[in-house]
Student: 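Here you go, one structure.
Note on naming: letters A, B, ... go to the chains in the order of the sequence lines (proteins, then strands), and numbering restarts at 1 for each one.
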Amino acid sequence: MVCLSRFFVVSCTVKPSAPPLSRRFVHTKRKLNSRWQSMATDPDSSFSAPSVDSDSTADKTGAGFCIIEGPETVQDFATMELQEIEDNIRSRRNKIFLQMEEVRRLRIQQRIKCAELGIYKEEQESDLPNFPSFIPFLPPLTSSNLKVYYVTCYSLIAGIIIFGGLLAPTLELKLGLGGTSYADFIGSVHLPMQLSQVDPIVASFSGGAVGVISALMVVEINNVKQQEHKRCKYCLGTGYLACARCLTTGSIVLTEPVSTVNGGDRPLSPPISERCSNCSGSGKVMCPTCLCTGMAMASEHDPRIDPFD
Amino acid sequence: MAGVILWMVCPKGNATALLSLIPRGGKKPKKRSFRGVSAISGAVANPVRSSEQRVYDVVLKQAALVKEQRGKKALDLEKTSEKTDGFTDWDLLNEAYDRCGEVCAEYAKTFYLGTLLMTPERRRAVWAIYVWCRRTDELVDGPNASHITPRALDRWEKRLDNLFEGRPYDMLDAALSDTISKYPVDIQPFKDMIEGMRLDLKKSRYMNFDELYLYCYYVAGTVGLMSVPVMGIAPESKASVESVYNAALALGIANQLTNILRDVGEDARRGRVYLPQEELARFGLSDDDVFRGQVTDRWRNFMKDQIKRARMFFDEAEKGVSELNSASRWPVWASLLLYRQILDAIEENDYNNFNKRAYVGKVKKFASLPVAYGRALVGTSKFI
């Protein structure tokens, strides 16, 4: 049983010169994890190993935590008592918290060093979420872009108001079919003339409402498409696949062969069902592509979905 | 045959570390003190065998398995399974197959369109195989590949063994398990693909074509071998089963080589070179030339040679397509012709595979379909 820290060490690109930073954390961690000593691997060694060696170090620890689920995963933590499990969860969450802080500080150092060496890396923000525009066909938003967006938006609104309020009545624009006005149009389709007496305020309100509603729909549809794009395609964002052993029921019926040669008088005992060992009764198993995050690209920020949600 | 080959873009991803670490059986012939029996023991002790020979052994084994079963029942499996052993829940299974289709449509659009040319049963089987192969490939080459250890691959292999025994772990495994129950697919190509993934974690350069051939077998040739039982050999075919498997293997290799030649620039940007070092040297080139990304006359000559070899593999593959079941010939021909056109596109780009992507336009793709249909009408030509 290797601690989860191994798993997280793999995901951060730690430079071998990290130890001075980690030692401070070693002390705090050691105070918290007194009960967990037997389980913890030495944090110093974990930080001195660059991610490339993660495979070999994982093997060296003997038990070797394995990220892919299989029928034997239940054994990994099944032998612990409830109190032990709670302590383990608490200490691991603590570790995650501290390591996220370490990643933040390391990133600061990385930025400083890159600036010193004059390297400008485009992908430094690659694992933080980027910010595409919700409206289709428009370029991605940044804080400088936002100003341009504001200016464009306000000028468009002003232009339309001026057009509708001043230009159109002045030019007596007749936008009906063949240059007719609205009254002429109603007359030509032989509807009652009362319909042409449209109150301008009602008309503008309706027009505006239609515009806003359709705009919001477009934005929402685009948003959904983008979220779907980020969704893991195998589990459709749920993080789990149906367990094939119990067929999502969560329990397996144990069948015992019964001899019919003798003892024909005895009635058959009802079949015993027990919890499915593959999925531990939840009916679903881990999606190995997204590792239960539901995202197409799992990062350490993505929470792992619990099966009992 | 390898209708599934079209999608094999990704497996190259991590292959750079692959080949140099294959324990080459018999690379160093054991030194034996001379005894009377040393001549016999020498033959037994595995003299140096090329990758091609080793791969051919696998082909022979596959063919032998199929011939065994051919004696028992016809290879043309259009029957629907009558299994009602309570193990399968049909709704869940259908949902699983549909999910496989969705994944296929998402990640390999042209290939998905190709599968639509097959019969519904075969289509589902091919999707299930595709999804398993893709999941396996994503383990080492996907977004979460950094968390995969050799132990994870062992567990993945254990799951494969279980699903071949009828105990799938999740619903996508169940789809493959169902496919295996309907078609005589053997486990060996699947295991070889996992083996290829294991090597994928280590290798970055390929010294000669022999090493590259083995890699191509692991990631693409295996797919060809997996799909022959699904496509089915025509009952009236007089060709040997080995030759059909060989042709499938050749198609897989051809597709993989085409991928490699198309993506030279992209791979170089990731620090990988899939071209054999010896052959680069023979044309006066080196890794630096690949990384520099400039088309010189030497590069053009080198590429001409590589393309010629890839075309040879396509020609090998063509020999076997006519031996397939009549319903399967059209999609396989279509995929063969489409992929072959990528080589033409590379030539049209003046061999600039560093910056330009060799792309076959939609018009050309559609135009290949009737040509493929025409060639598919010609059945087996061997009357020996």
Student: Mind listing the closest non-hydrogen atom pair of A:Ala244 and B:Pro168 along with its distance?
Tutor: CB-O, 3.4 Å
Student: Sequence neighbours left out, what passes side-chain hydrogen bond (donor to acceptor under 3.5 Å, both in side chains) with B:Arg159? Give chain and number order.
Tutor: B:Asp170, B:Asp173
Student: When rounded to the nearest 0.5 angstrom, what is the spacing between CE in B:Met171 and NZ in A:Lys284?
Tutor: 12.5 Å
Student: Can you find a heavy atom in the side chain of A:Thr289 that is under 4.5 Å from one in the side chain of B:Arg134?
Tutor: no
Student: Need one label for A:Cys290: side chain, backbone, both or neither, based on atoms under 4.5 Å from any heavy atom in chain B.
Tutor: backbone
Student: Taking only residues two or more places apart in sequence or in another chain, which ones pass side-chain hydrogen bond (donor to acceptor under 3.5 Å, both in side chains) with B:Glu95?
Tutor: none
Student: Contact part of B:Asn162 toward chain A, heavy-atom cut-off under 4.5 Å: side chain, backbone, both or neither?
Tutor: side chain
Student: How about B:Lys158: does its NZ atom have over 12 heavy atoms from other parts shown lying under 6.0 Å from it?
Tutor: no
Student: Any donor and acceptor pair, going by atom type alone, linking the side chain of A:Arg245 with main-chain N or O of B:Arg167 inside 3.5 Å?
Tutor: no
Student: Take a 6.0 Å sphere around CZ of B:Arg269 and say whether it holds more than 12 heavy atoms from other residues, nucleotides or ligands.
Tutor: yes
Student: Hey, does B:Ile148 have a side-chain heavy atom less than 4.5 Å from the side chain of A:Ile68?
Tutor: yes
Student: Would you compute the distance between atom OG1 of A:Thr248 and atom CG of B:Asp91 and round it to the nearest 0.5 angstrom?
Tutor: 10.5 Å
Student: Would you call B:Arg99 and A:Tyr234 a side-chain contact if the rule is heavy atoms closer than 4.5 Å?
Tutor: no
Student: Which atoms form the tightest heavy-atom contact between A:Lys233 and B:Val103, and what is the distance?
Tutor: O-CG2, 3.8 Å
Student: Tell me, side chain or backbone of B:Leu139 under 4.5 Å from chain A's heavy atoms, or both, or neither?
Tutor: side chain
Student: Give the minimum heavy-atom separation between A:Pro288 and B:Trp156, together with the two atoms involved.
Tutor: CG-CZ3, 4.0 Å
